[in-house]
Amino acid sequence: MIAGRLAAVRARIDAACRRAGRDPKGVRLLPISKTVPAERLRAAVAAGIATLGENKVQEAKGKAEALRDLSVAWSIVGHLQTNKAKEVARFAAEFQALDSLRVAEALERRLEIEDRTLDVLVQVNTSGEASKFGLAPEEVAGFVAGLPAFPRLRVGGLMTLAIFSADEARVRRCFRLLCDIRARLREEGPPGLSFDALSMGMSGDFEIAIEEGASVVRVGQAIFGARPTSDAYYWPGAAGAG
Ligand SMILES: *Cc1c(COP(=O)(O)O)cnc(C)c1O
């Protein structure tokens with residue numbers, strides 16, 4: 001079942017790329033496995049998935065241990081508290097939700113101890129919703145100017161969650177804003193850092209994100225089925241996908 005859904009999502013990514021005149025190789029699918037039990041993830045790995053995304057460090061760590069016999073890389077896509085930096089520095093390959101210098105500092109210190117590096121994306125709050133994490137758009141330039149001080153953080157770009165809305169124009173505006181911020185950083189950002197990656201788009205809106213330039217789409221429910229929980233993300237496909 002997972003393999004079939006995964007193939008369907010890949011086909012939709014390819015179709016969206018074709019519509020947008022983009023090469024599908026320029027869009028990475030990051031499956032988001034939060035709330036999905038580790039044992040169910042073996043099927044996903046068997047279907048060719050090499051990296052899984054999780055929003056909670058403890059949950060990700062548990063799954064990383066349970067699936068130690070497979071070679072899976074882990075991407076943390078949710079807000080991080082400094083006291084969890086130690087764990088992330090130990091096992092994660094990527095962190096997509098950097099939005100504070102305190103967290104950057106904590107990660108750098110721990111990465112030094114582990115003698116590792118970490119791929120990071122800077123999270124931007126493009127919807128202006130108080131419920132969302134990330135830097136305000138006008139804070140981004142000042143924030144990234146401080147990042148060269150943390151050489152173990154390999155800055156690769158930006159991440160956002162669009163507004164959860166059935167109004168496509170409002171969703172699209174969030175993605176456009178992230179793309180505009182990247183354009184500015186490419187001109188004026190600190191030398192040595194790359195801002196090529198745009199991680200944007202989830203089950204309900206990844207096709208719009210691809211049209212607006214996403215290079216990473218983070219898709220959970222469309223691959224693993226609807227989450228039954230209070231984690232109430234808007235996803236129009238949820239009714240039929242359980
Ligand atoms: C859960 C989550 C996703 C995936 O959402 P779906 O609706 O399951 O596709 C993407 N990004 C982040 C940060 C998430 O927490």
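As the structure lists them, so they are numbered: ligands from 1, and atoms in each ligand from 1. Throughout, residue positions are numbered sequentially from 1 according to the sequence presented.
Each of the following atoms of ligand 1 lies closer than 4.0 Å to a heavy atom of Val219: 9 (O). Short contacts between ligand 1 and Lys34, defined as distances under 4.0 Å to a heavy atom of the residue, involve ligand atoms 1 (C), 2 (C), 3 (C), 14 (C), 15 (O).
Annotation: side chain to side chain donor-acceptor pair (under 3.5 Å) contacts of Glu114 (sequence neighbours excluded): Arg90.
With values rounded to the nearest 0.5 angstrom, Met200 atom CE is found 10.0 Å from Arg218 atom CZ.
Residue Ile32 has no nitrogen or oxygen atom sitting less than 3.5 Å from a nitrogen or oxygen atom of ligand 1, judged on distance alone.
Neither side chain, Glu129 nor Ser131, offers a donor N or O lying under 3.5 Å from an acceptor on the other.
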Considering only distance and modelled atom types, tabulate donor-acceptor pairs under 3.5 Å from the side chains of residues 67-79, sequence neighbours left out.
residue : atom : partner : partner atom : Å
Asp69   : OD1  : Arg42   : NH2          : 3.0
Asp69   : OD2  : Arg42   : NH1          : 2.9
Ser75   : OG   : Glu94   : OE1          : 2.7

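Using 4.0 Å as the threshold, Arg227 has a heavy atom nearer than that to some atom of ligand 1.
Checking Met202, Met159, Gln96 against atom 5 (O) of ligand 1, the nearest heavy atom belongs to Met202.
One finds a salt bridge joining Glu168 and Arg172 here, because a Lys/Arg side-chain nitrogen approaches an Asp/Glu carboxylate oxygen to under 4.0 Å.
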